[in-house]
Structure formats: structure tokens, C-alpha cells
Amino acid sequence: AQSVTQLDSQVPVFEEAPVELRCNYSSSVSVYLFWYVQYPNQGLQLLLKYLSGSTLVKGINGFEAEFNKSQTSFHLRKPSVHISDTAEYFCAVSLPPGNTPLVFGKGTRLSVIA
Amino acid sequence: KAGVTQTPRYLIKTRGQQVTLSCSPISGHRSVSWYQQTPGQGLQFLFEYFSETQRNKGNFPGRFSGRQFSNSRSEMNVSTLELGDSALYLCASSIGGGRQVYEQYFGPGTRLTVT
């Protein structure tokens, strides 16, 4: 069975600084990879996804992630964060062929400090 | 398009009672998935319905059940509530069907508190 590990439960960062949220997965087969964001009292919103092809994936709100098969990682990055990026971020995997359940990591709480 | 709607948004129940949560997917979406979110266990998959049939099921006891109607609206039911069932229950809808990966759109959730 696949699993997802988000290495940091909380990441504080100053406004306009870069940030990296780490995600490692475990699976014996190829997976699809996702990053979701959850703002307070809201559901999850998809930031970006990797299905195949280019290992560098660009998403919404200036976020990007790089798929590294050898390290089984899918780290999320943003070069300059804003106060509005304060939220919980979840990494998730699912198995091909599609429409299979998402398996989530425990989440990383990003706090942007003014 | 209207987003995924979940009702009610907040619910307080007593141990031993049962509860029904409702989810209305985005128009045209035929797949509805349910997830439980707790501080300890994180986000866990409950089940998924597609065209009124349960297509996938997570590892939850039989007290948790669901169904989907012909208009794709879905309900989940929890019987004999336990304190540990206190959680945010999230519903997600997608177009579904085929072998493609479709984006799942999440509702705001129903916050269930069991006392």
C-alpha cells in the first residue's frame, strides 16, 4: 500500500522569503502526486498535480513542485510567500489508472510572519 | 458553476445516536468521495460513489455507510456514534468515469462533534 510522509508538521517563514514543504511517498508502483491547500474553515483546493511527463510542475498561486523518482519525493516550493499563503498544505498520492482514492500525508501548517 | 455543497456545516450529537450528512456535487459530476479529517489520523478515505454504485471503500467499520442518488447527490450515515467519530467530514466530487485522473473538488465539510 502507498503512504505519504510530510516531514514537517509546522513551517514558519517570513513574508517574501522562499519556502519548501517536503513530501516523500512510498509505493511499489508508479503513482500520481498532488498538493492541496486548506484555508481555515474551508475544504481542500488543488494546487498542482504530477501525472507524467516533466518533473517540474507549476501550479496556482505561484507554487511549483518537483517530482524526484529516485528519492520518491515531491517537494512544494514558492520563491516568495505572502501572508495569504498561511494555511495547511497536504501532499497526496493515488494509483493509476485514475479515480482511485487519494492517500494524504498528515499535513504541514505554513505560517507566514509579517 | 456552484461548488460542492455540504449540509449541515456543523452538527452536535450524543454518543449512540446516528447522523446523516449530505453532499451535493458540482453539476455534471458523477463521482462523490467522502473523507474523514481528524487531528490525530489526518485525512482518511471513507468511500466513493459513481453512478449510484460504491466503487471504492476505505478501512472504516460498518457503522459508516453511504449512498448516492440518481442526481449524484450523496449521503453518508454514521450509526451508533462514538466519541472518536468527532471529525470534519469532507465530500469531494469529480467528473469520474473512464481511466483518466479527474480533479476532485472539495466541499467545506461538515464538522461533527460527538458528546
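Each chain gets a letter, A, B and so on, in the order the sequences are listed, and its residues count up from 1.
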*Strictly by modelled atom types, are A:Ser111 and A:Gln10 linked by a side-chain donor-acceptor pair under 3.5 Å?*
no
*asked:* What I want to check is whether the side chains of A:Ser26 and A:Asn24 have a donor and an acceptor closer together than 3.5 Å.
replied: no
Kindly indicate whether the side chain of [X], heavy atoms from C-beta on, has any atom under 4.5 Å from the side chain of [Y].
X	Y	value
B:Phe64	B:Phe47	yes
A:Leu102	A:Val93	no
A:Asp8	A:Leu21	no
B:Val4	B:His29	no
A:Pro101	B:Glu48	no
A:Lys106	A:Gln6	no

*Within a reach of under 6.0 Å around CG of B:Asn59, are more than 12 heavy atoms found that belong to other residues, nucleotides or ligands?*
no
_Between B:Thr53 and B:Arg55 (side chain of the first, backbone of the second, donor and acceptor by atom type, cut-off under 3.5 Å), is there such a pair?_
no
*Non-hydrogen atoms of chain A under 4.5 Å away: do they reach the side chain of B:Leu43, the backbone, both or neither?*
both
*By a 4.5 Å heavy-atom criterion (distance strictly below it), what part of B:Gln37 contacts chain A: side chain, backbone, both, or neither?*
side chain
*For chain A, which residues from residues 106-114 of chain B lie under 4.5 Å away (heavy-atom distances)?*
B:Phe106, B:Gly107, B:Pro108
*Name, in order of residue number, those residues of residues 37-63 of chain A that have a heavy atom at a distance of less than 4.5 Å from a heavy atom in chain B; otherwise write 'none'.*
A:Gln38, A:Asn41, A:Gln42, A:Gly43, A:Leu44, A:Leu46, A:Leu51
